[in-house]
Amino acid sequence: MADESDVAQKAMIKRPEICCNSIFLHGELDIWIKEAKSLPNMDLNSERMRKCFNMFGTFGLGKKCKDLGKLSGKHSVITSDPYVSICLKGSTVVQTRVIFNSENPTWDEHFCVPVAHPVVEVEFQVKDDDVLGAQLIGVVGIPAENILSGEAIDGWFPIVGPHGNPLKPYPELHLSVQFRPVGENPLYKNGVGAGPDYAGVPNTYFPLHRGGSITLYQDAHVPDGMLPEILLDDGKVFQQNQCWEDICHAILDAHHLIYIVGWSVYHLVKLVREPTKPLPSGGELCLGDLLKYKSEEAVRVIMLIWDDKTSHDKFLIKTEGVMQTHDEETKKFFKHSSVHCVICPRYASGKLSIFKQQVVGTLFTHHQKCVLVDSPATGNKRKITAFIGGLDLCDGRYDTPEHRLFDGLDTVFANDIHNPTFPSCTRGPRQPWHDLHCRIEGPAAYDILTNFEQRWRKAKWRDFRLRRVRHWHDDALLKLDRVSWLLNPPSGPNGDRSSHFYCQSDPENWHVQVFRSIDSGSVKGFPKDAKEAEAQNLICGKNLKVEKSIHTAYVKAIRSAQHFVYIENQYFLGSSYCWSSHRSTGADNLIPVELALKIASKIKANERFAVYIVIPMWPEGVPSSSAVQEILFWQGQTMSMMYKIIAEALEKAGLSDKYHPRDYLNFYCLGKREAPLTPQDNLPPENRAMGLAQKYGRFMIYVHAKGMIVDDEYVIIGSANINQRSLDGSRDTEIAMGAYQPKYTWAGKKSHPHGQVYGYRMSLWAEHLGMLEDPCCEPHTLECVRHINRMAEDNWKAFVAEENEEMMGHLMAYPLQVSRNGVISSLPGYESFPDVGGKILGANTNLPDVLTT
């Protein structure tokens with residue numbers, strides 16, 4: 001071991017200056033944080049504050065005050081509670097757990113971190129945790145050029161001050177780090193499902209399950225014959241299905257359980273409005289009455305709904321809440337019934353600092369959406385079936401691919417006219433709603449059930465603790481093992497139940513994996529021990545156990561893509577550390593930069609690749625409001641960063657005169673025009689925008705979808721948006737699934753697969769384009785990209801025209817222009833959205849970044 005003088009000499013080594021050229025690390029960092037020694041005592045200066053707090057007890061002081069009694073008498077010393085944050089270009093990518101009261105802590109924690117960062121060095125920041133936040137002890141900086149070689153770096157490194165100044169008593173950190181570039185990882189070589197040993201997305205809580213069935217849905221309902229037939233391989237035809245109608249039938253057919261998780265669930269919503277098949281008794285009821293009806297048949301009905309803290313219905317105080325989720329109304333409706341309805345706030349873990357607890361509890365939500373029922377299986381057995389997606393069973397969500405604005409307001413949409421852009425909108429236009437959903441049958445459905453049980457137990461445990469109930473038994477959940485005819489296959493050694501469902505001879509079977517964004521503040525069942533958590537692929541993020549496998553799944557799918565990526569999402573922002581400004585915003589998810597780097601790599605290899613991204617014209621609400629404007633600003637920063645990377649790749653390849661960045665990456669939105677209404681006379685100024693929308697008979701179609709299709713072989717659908725809230729793991733709670741059919745992959749077929757995923761993508765395009773032409777069959781081709789862009793640009797011109805012009809479908813080019821060098825700007829004459837106003841490129845505001853990212 002080096003003596004003190006050696007350590008001091010090493011500590012004097014200057015860290016690289018920020019002005020040095022950065023190196024793009026794109027791949028995985030394999031990191032071990034092992035131990036530290038001789039850390040300074042950072043708590044001496046805060047001892048007086050701590051004593052002041054102790055006068056009032058230990059409330060809010062966390063683990064330190066609770067454990068002070070374990071220290072031994074007068075020789076006890078209160079010292080630092082160290083942990084390590086690994087940072088790339090200001091972005092914290094992972095953190096160790098906190099070691100309580102130690103100047104020589106041992107972590108021995110392992111991380112495999114996906115990276116796509118331009119960096120000078122990888123920073124290992126050693127910090128002291130405290131009740132009011134964290135204090136920096138010092139930093140170890142490993143130059144990126146040393147890491148880029150791929151050689152393992154392992155050893156003790158001096159912890160220095162942020163400006164390279166030595167610290168006393170000369171602390172050191174023992175770590176190892178090794179970099180593996182994307183291009184050298186065979187996991188990304190051949191798309192998904194390459195060979196029988198393909199194990200799915202690695203480092204996730206739930207495993208890949210082989211065998212099962214997936215039904216893919218677009219919108220809440222698709223009337224028969226509304227969309228064209230889509231031919232698949234082997235003479236099959238893609239079948240469009242009716243999501244809300246299927247959910248209604250599944251609820252009616254349930255014998256034992258109906259579990260619902262929702263961001264918003266409204267008891268007055270009606271599921272079936274334009275039936276395509278006979279409706280059993282009870283199907284005509286609204287959702288609340290339907291669930292009461294089933295609970296009276298002795299079916300276990302449990303609902304777990306997010307509690308918006310701004311909504312109230314107590315002591316004669318009644319407020320709808322900022323998000324108008326109807327949580328209090330729905331809870332009140334089910335009171336004194338046999339339906340178990342719990343509204344659940346987004347509680348933060350008690351192990352977080354006081355400030356962090358307030359941020360999490362106030363700003364973040366439970367955003368998961370799923371319906372679980374028991375359904376018929378073979379041999380008079382029952383099984384678990386799950387529905388997930390953008391599945392809010394509430395007002396404003398019912399829609400069809402027609403996306404009506406004014407038609408059907410007194411019939412199909414009676415008492416369900418939703419448009420938050422306008423203060424009051426009884427005559428329309430309603431806000432059309434586009435969404436993606438799926439039904440999961442087979443072993444993966446039981447992982448959705450596990451998620452529900454973990455969340456329910458946490459919610460009820462908090463309810464039990466806060467209400468100080470003397471006796472509480474978790475008897476609401478149905479115990480599957482007590483119902484012999486309800487399939488409950490035991491998990492294998494890796495959590496895989498596939499052997500109990502898998503039928504290899506069925507060519508149409510699916511391989512399915514469930515992903516989540518969630519932390520130990522929202523579930524009961526995550527292990528407390530760091531090693532156990534690591535074995536379950538959970539991240540020990542400081543004081544939390546975090547699952548962020550949705551982000552992992554997106555990154556893996558994009559890196560594996562060979563031909564094209566198609567995304568529909570309510571939001572699209574991220575990779576802020578690569579933006580031209582506001583890099584410290586904290587929107588650090590990798591999705592946007594991964595897409596741009598994928599395109600750049602294909603340009604370098606002289607191969608075709610295309611990315612299509614469909615987003616709403618503006619986030620839901622009033623476009624000129626501060627929150628919407630800031631989200632649009634972050635979105636513009638994200639787009640600009642991506643186009644700049646692509647333009648630079650074209651320049652380096654000598655192709656900037658031949659190809660445009662939009663030959664590879666395009667953003668679209670959806671809109672609708674109908675026969676206009678005669679605007680009402682004497683509308684107040686706040687309703688002027690509604691009057692214009694009625695006059696011109698137009699409005700956007702709100703894209704609430706959260707899905708991605710890769711190469712027509714792999715699909716991700718869930719509740720997660722592409723923003724930091726949804727992908728962080730410790731902010732909004734989310735759930736999603738990734739699935740493919742092993743028979744219908746490029747690796748297996750050696751050509752373009754035309755299975756269910758291909759049929760789904762083509763069906764979505766049929767809805768958006770109004771027709772399908774030959775170029776749509778090969779999305780990666782330049783011919784297809786330019787064909788789609790021509791149609792989208794024509795639709796935008798028709799949408800904004802003074803006279804009511806017919807649109808071909810609904811797909812429109814997002815109203816921005818992109819130069820050959822990747823600079824984005826407003827379309828001439830369209831700096832703001834038609835009719836409703838609000839800058840298309842948004843504006844930075846004084847709102848907290850954590851709220852809008």
Side-chain angles (χ1 to χ4, degrees), residues 62-63 83-88 90-98 109 111 113-114 125 127 129 133-134 203-206 263 306-307 309 344-368 451 454-455 458-459 462 515-528 530 533-534 536-555 571 573-574 576-577 584-591 718-736 848-853:
K63 185 175 176 60
Y83 67 98
V84 180
S85 293
I86 296 94
C87 300
L88 301 173
S91 168
T92 300
V93 294
V94 77
Q95 295 175 315
T96 68
R97 71 189 188 279
V98 176
E109 291 188 40
F111 306 96
V113 184
Q125 298 181 354
K127 297 183 178 181
D129 188 42
N203 305 317
T204 58
Y205 186 82
F206 293 118
W263 177 82
W306 173 57
D307 181 6
K309 288 188 174 182
C344 177
R346 173 62 173 96
Y347 287 116
S349 170
K351 295 182 179 180
L352 297 178
S353 68
I354 295 173
F355 174 74
K356 186 71 172 178
Q357 288 184 49
Q358 293 302 313
V359 169
V360 171
T362 304
L363 299 184
F364 303 137
T365 76
H366 287 303
H367 200 242
Q368 293 183 341
N451 169 77
Q454 289 178 336
R455 281 203 50 203
K458 186 72 169 187
R462 283 189 180 275
F515 311 114
R516 290 188 294 184
S517 294
I518 205 162
D519 64 32
S520 49
S522 297
V523 296
K524 191 171 179 62
F526 281 0
K528 296 181 179 180
E534 182 183 331
Q536 296 183 26
N537 295 311
L538 299 173
I539 301 168
C540 292
K542 196 176 174 181
N543 290 313
L544 288 174
K545 305 300 185 293
V546 181
E547 181 187 355
K548 51 186 302 182
S549 55
I550 296 178
H551 183 262
T552 303
Y554 268 94
V555 170
Y571 297 99
L573 59 93
S576 57
Y577 53 84
S584 61
T585 299
D588 296 332
N589 73 80
L590 304 185
I591 311 308
S719 67
N721 298 309
I722 296 179
N723 60 9
Q724 200 61 26
R725 295 179 66 104
S726 286
L727 299 175
D728 186 84
S730 58
R731 297 188 181 185
D732 290 353
T733 59
E734 309 284 5
I735 195 162
D849 294 345
V850 71
L851 175 66
T852 55
T853 57

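Residues take their numbers from the sequence shown, with the count starting at 1. Predicted, not measured: the structure shown is a model, and the values here were computed from it.
Under the rule for a salt bridge (Lys or Arg N to Asp or Glu O under 4.0 Å), the partners of Arg725 that lie at least two apart in sequence or sit in another chain are Asp732. When the side-chain contact (heavy atoms from CB on, under 4.5 Å) test is applied to Asn537, the partners found at least two apart in sequence or on another chain are Asn203. For Phe515, there are no ring pair (Phe, Tyr, Trp, His ring centres under 6.0 Å) partners, not counting sequence neighbours. The side-chain contact (heavy atoms from CB on, under 4.5 Å) search around Glu534 returns His110, Lys531, not counting sequence neighbours. Among residues two or more places apart in sequence or in another chain, the ring pair (Phe, Tyr, Trp, His ring centres under 6.0 Å) test is passed with Phe526 by Tyr205. Scored by the side-chain contact (heavy atoms from CB on, under 4.5 Å) test, Asp588 finds Ser91, Ser576, Tyr577, Gln724 as partners (sequence neighbours excluded).
Looking at every heavy atom in both residues, Gly521 comes nearest to Lys458 through O-CE, 3.4 Å. Contact detail for Gly574 and Asn589: the closest heavy-atom pair is CA-ND2, 3.4 Å. The shortest non-hydrogen separation linking Gly729 to Lys548 is CA-CB, 4.1 Å. Across all non-hydrogen atoms, the minimal contact from Ser730 to Val546 is N-CG1, 4.2 Å. The two atoms that bring Ile550 and Glu734 nearest to each other are CD1-CB, 3.6 Å, heavy atoms only.
Counting only heavy atoms from C-beta outward, the side chains of Thr92 and Gln125 never approach each other to under 4.5 Å. You'll find the side chain of Gln454 stays beyond 4.5 Å of the side chain of Ile518, heavy atoms only. For the pair Val113 and Ile86, the minimum side-chain heavy-atom distance is 4.5 Å or more. Looking at Arg346 and Trp306, their side chains come closer than 4.5 Å, going by heavy atoms from C-beta outward. Side-chain contact between His366 and Arg455 is present, with at least one heavy-atom pair separated by less than 4.5 Å. Looking only at side-chain heavy atoms (C-beta outward), Val93 and Phe111 stay at 4.5 Å or farther from each other. In this structure, Cys540 and Lys545 have side chains that are in contact, with non-hydrogen atoms separated by less than 4.5 Å. Side-chain contact between Ser85 and Lys127 is present, with at least one heavy-atom pair separated by less than 4.5 Å.
Taking 4.0 Å as the cut-off between side-chain N and carboxylate O, Asp129 and Arg97 do not count as a salt-bridged pair.
Ser517 contributes atom OG, which lies 11.5 Å from atom CZ of Arg731 (distance to the nearest 0.5 angstrom). The line from CG of Asn721 to CD1 of Ile591 is 12.0 Å long, rounded to the nearest 0.5 Å. Atom-to-atom distance recorded for Phe364:CZ and Ser522:OG is 11.5 Å, nearest 0.5 angstrom. Distance check, rounded to the nearest 0.5 Å: CZ of Phe206 to CD of Glu547 gives 6.0 Å. Rounded to the nearest 0.5 angstrom, Thr585 OG1 and Leu573 CG are separated by 9.5 Å.
The only member of Leu544, Asn543, Leu538, Thr733 that meets side-chain contact (heavy atoms from CB on, under 4.5 Å) when paired with Asp519 is Leu544.
Neither side chain, Gln368 nor Ser719, offers a donor N or O lying under 3.5 Å from an acceptor on the other.
Under a 3.5 Å cut-off, the side chain of His551 and the backbone N or O of Leu590 do form a donor-acceptor pair.
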